[in-house]
S.K.: 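First the structure, which I've put down as structure tokens, then a few questions once you've had a look.
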Amino acid sequence: MADELSIGGRRFNSRFILGSGKFSLEFMRRVIDNGGAEMVTLALRRANAGKENILDHIPKDITLLPNTSGARNAQEAVRIARLARDLGCGDFVKIEVINDSKYLLPDNQETIKAIEILSKEGFIVMPYMYPDLIAARRMADAGAAAIMPLGAPIGSNKGLLTRDFIKILVDEVDLPIIVDAGIGRPSQACEAMEMGVSAVMANTAIATSNDIAMMSKAFKLAIEAGRKAYLAGLGRVLEKEAEASSPLTGFLEDRS
Amino acid sequence: MKDHMVYASNMESIESNIMDKVLARTKEYDPSIYDESDVKKAIGTDRPAFEDYKALLSPAAESLLEEIAARAKKETRRYFGNSVSIFTPLYISNHCDNHCTYCGFSRNNDIVRGKLSRDEMEDEFKAISETGLEEILILTGESRTESGVEYIGDSVKTAKKYFSTIGVEVYPMNIDEYRYLNGCGADFVSVYQETYDPDMYAKYHPKGPKRVYPYRFNAQERAIIGGMRGVSFGSLLGLGDFRKDAFSTGIHAHLVQQKYPHAEISFSVPRMRPHNNDNGEIHNNVRERQLLQVLLAYRIFMPFASINISSRERSAFRDNIIGLAANKISAGVKVGVGGHNKEEKGDEQFVISDPRDVSEVHTMILQRGLQPVYTDYIRMM
């Protein structure tokens, strides 16, 4: 059986979601091709204006994931999402509600409110969030189609700083968990996939590499490797102390 | 002369201790006590503290400019990737009630004064919009009689038809006036303190409404309270001790961001240039090397902030600053009144050094491997 990723009833072969915000547009197609990405995010506030339209640089068979960056509260996120749909970006939307210009950390509470409204309007809602189990459960209840926790602050390339909390989401929330921000290297993407997340999103790490096409490929391979490792089941990993060679329960006798 | 630290009766005073904090911190700052090891520590630290910022602005940092530049470039790439935003300023009036001794628009200067009628503004906006620009900064001199709040509001409403992003660089206002302009369609406000040194400030602003230091200082806060989404900070480097002024500017922006975390923060980094009122009195000690040092220090201290590079600087300097410290550049700049559609209606405020139009700047950005961005904003009102 094919190992497909299903989000909101749509199926994807690739588990690599490409963020487009920091690229030069001329490279977009090569990055998408090399990375095998089937879903690409799109900052609506950047789209549909100026001399170059980002939509012209994204192949038609790619699923667009417009985001609501620039929204400071639920109401603004809802407005941007509707605008995206009106512009023909489809039903997927990534909710980003950010109320802090310094760290760009997401506002989980406002995000939950936006999910409630947009999921009722038929959007396939993928919220960017701070990895908090309680908030993730509420997002699932509100109709989210996937949960996108941050691995580290946006653009920091610091990797899986929130590793343990993302693992909790993987274990407890019955939706695709997609690591959204902070992934700086293919090895970190691989590690996230080994942990059991469903997909990884990356942007800065690729956009700022010297050879973005090759880095895109590296992410593709790392994500595939991590996925296979997860499916295979990681073997015995030695912890700090070696496992005891003689059994701890060998003294038991079978008598009552 | 009037006490420059006392508000006039029509000026709104808000609860804020930011000015006192900035003045106290600046007073403590002695740029001469830092050495290369302090600078190296600042370059290597993950989250620069005030002390690191002080070291980055100190004379000791000049010999480490290359290393500082490498760190700043990393931050610029991290936060902005390849993106470089393009905008243009439009002066709609050069009437001015102030007497800034360093400025071409100063009240007693014998220059041609003018302001645009509503139709003329519309023609200007149309001409600018045809170049592909989506972001505009509307400027006036400081005259509440010639360019009142409603006049500015009218220009914003007209601009709204053509632009996704509208900023105003006009005189400081009260909260309800900012709220009015926000309702008209403006979301960003630039107010520059010129110099943060109160004594120097008093000297350069002998008369007129601008003389009141604290009213100008607190303009960003009033603008944010009035609903503006972003505010810009800056000193006109060269008026006072540029190291201390740059330090005050950064601390001011830092404290405003802490108090209003949602506000978007920007810096402009102008330095004294030849102008219409230039009598050579102000010793211009800010050379390109020092200007770059300030730009880099802003970027490292507040890596998330937007920094734009003025057309006062020569083109080769600007070309190298984008992607390194600045993420925003003006193009097709006219600093007289109007001038995009018809001839300018009033004289220029200063001399620009980079006359390139939008398509030339666009091409230059692409040639540098960067991506021109015309809009990065969705207006919510």
Side-chain angles (χ1 to χ4, degrees), chain A residues 19-28 43-54 57 66-73 75-84 87 97-105 107 110 153-158 182 184 203-210 212, chain B residues 46-47 73-86 129 131-135 163-165 187 224 229-231 253-254 256-258 260-266 302-306 323 327 358-359 362-363 365-381:
Chain A
S20 68
K22 290 172 177 168
F23 282 105
S24 289
L25 296 180
E26 54 177 319
F27 298 129
M28 190 70 77
L44 201 71
R45 61 184 184 169
R46 288 269 179 88
N48 200 32
K51 298 192 165 187
E52 284 183 293
N53 190 338
I54 187 170
H57 293 266
N67 69 40
T68 64
S69 68
R72 293 191 306 195
N73 53 44
Q75 195 193 346
E76 292 179 356
V78 166
R79 228 193 108 173
I80 296 173
R82 289 173 183 159
L83 201 59
L87 284 171
V97 179
I98 290 176
N99 220 342
D100 181 292
S101 65
K102 184 172 186 178
Y103 299 103
L104 304 176
L105 292 172
D107 181 331
E110 288 293 310
I154 290 182
S156 70
N157 285 4
K158 285 199 172 167
N203 179 8
T204 312
I206 296 164
T208 59
S209 128
N210 289 331
I212 60 176
Chain B
D46 199 26
R47 284 188 197 289
K73 183 172 183 181
K74 227 163 98 182
E75 300 293 349
T76 307
R77 299 274 286 166
R78 216 156 70 122
Y79 281 84
F80 299 93
N82 291 339
S83 307
V84 179
S85 298
I86 310 186
S129 149
T131 67
L133 289 178
E134 290 276 339
E135 174 169 355
F163 302 98
S164 73
T165 314
D187 289 308
I224 295 167
R229 294 180 80 98
V231 286
H254 169 84
V256 167
Q257 196 279 335
Q258 270 194 339
Y260 308 93
H262 61 275
E264 291 175 31
I265 303 294
S266 315
M302 292 181 85
F304 56 92
S306 178
N327 57 293
V358 175
S359 64
H362 179 99
T363 306
I365 293 173
L366 287 177
Q367 279 168 352
R368 297 191 71 83
L370 299 168
Q371 179 64 40
V373 169
Y374 288 81
T375 182
D376 197 15
Y377 187 66
I378 296 174
R379 192 187 295 119
M380 293 297 165
M381 312 223 353

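Note on naming: letters A, B, ... go to the chains in the order of the sequence lines (proteins, then strands), and numbering restarts at 1 for each one. Owing to the predicted nature of the structure, the values given are computational and were not obtained by experimental measurement.
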S.K.: Counting heavy-atom pairs under 4.5 Å with chain B, which one of A/L104, A/N99, A/I80 comes out on top?
M.R.: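 The option with the most such pairs is A/N99.
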S.K.: Is the number of heavy atoms from other residues, nucleotides or ligands under 6.0 Å of A/E76 CD greater than 12?
M.R.: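 Yes, because the 6.0 Å sphere around CD of A/E76 holds more than 12 heavy atoms from other groups.
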S.K.: Please look at A/A207 and chain B and tell me whether the side chain, the backbone, both or neither of the residue comes under 4.5 angstrom of a heavy atom of that chain.
M.R.: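 A/A207 touches chain B through backbone heavy atoms alone.
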S.K.: Considering the options B/R229, B/H262, B/Q257, which one meets the side-chain hydrogen bond (donor to acceptor under 3.5 Å, both in side chains) requirement together with A/S101?
M.R.: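 Only match with A/S101 under side-chain hydrogen bond (donor to acceptor under 3.5 Å, both in side chains): B/Q257.
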S.K.: Got a second to check how far A/L83's CG is from B/I378's CD1, nearest 0.5 Å?
M.R.: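 Answer rounded to 0.5 Å: 5.5 Å.
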S.K.: Quick check: closest heavy atoms across A/T204 and B/R78, and the distance to 0.1 Å?
M.R.: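 Nearest pair, atom of A/T204 first, then B/R78: CG2-O, 3.7 Å.
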S.K.: Given a strict heavy-atom distance threshold of 4.5 Å, which part of A/I98 is in contact with chain B: side chain, backbone, both, or neither?
M.R.: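 No part of A/I98 comes within 4.5 Å of chain B.
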S.K.: Which is it for A/K158 and B/D46 under the side chain to side chain contact (heavy atoms under 4.5 Å, CB included) test, yes or no, and what are the steps along the way?
M.R.: CA-CA 12 Å; A/K158 285 199 172 167; B/D46 199 26; 2.9 Å; yes
S.K.: Can you tell which part of A/R79 gets under 4.5 Å to a heavy atom of chain B, answering side chain, backbone, both or neither?
M.R.: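 Only the side chain of A/R79 comes within 4.5 Å of chain B.
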S.K.: Using atom types as modelled and distance alone, determine if a side-chain donor or acceptor of A/R46 lies under 3.5 Å from a backbone N or O of B/V373.
M.R.: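 No, because the side chain of A/R46 does not come within donor-acceptor range (under 3.5 Å) of the backbone of B/V373.
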S.K.: Is A/Y103 in contact with chain B via its backbone, its side chain, both, or neither, using a 4.5 Å heavy-atom distance?
M.R.: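 Only the side chain of A/Y103 comes within 4.5 Å of chain B.
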S.K.: Could you pull out all residues at least two apart from B/R379 that satisfy salt bridge (charged side-chain N to carboxylate O under 4.0 Å, His left out)?
M.R.: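 Applying salt bridge (charged side-chain N to carboxylate O under 4.0 Å, His left out) to B/R379 gives none.
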S.K.: So do A/T208 and B/K74 actually touch side chain to side chain, heavy atoms under 4.5 Å?
M.R.: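 A side-chain contact is absent here, since even the closest heavy-atom pair is not under 4.5 Å.
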S.K.: Between atom NZ of A/K102 and atom CZ of B/R47, what is the distance when rounded to the nearest 0.5 Å?
M.R.: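 It is 7.0 Å, given to the nearest 0.5 Å.
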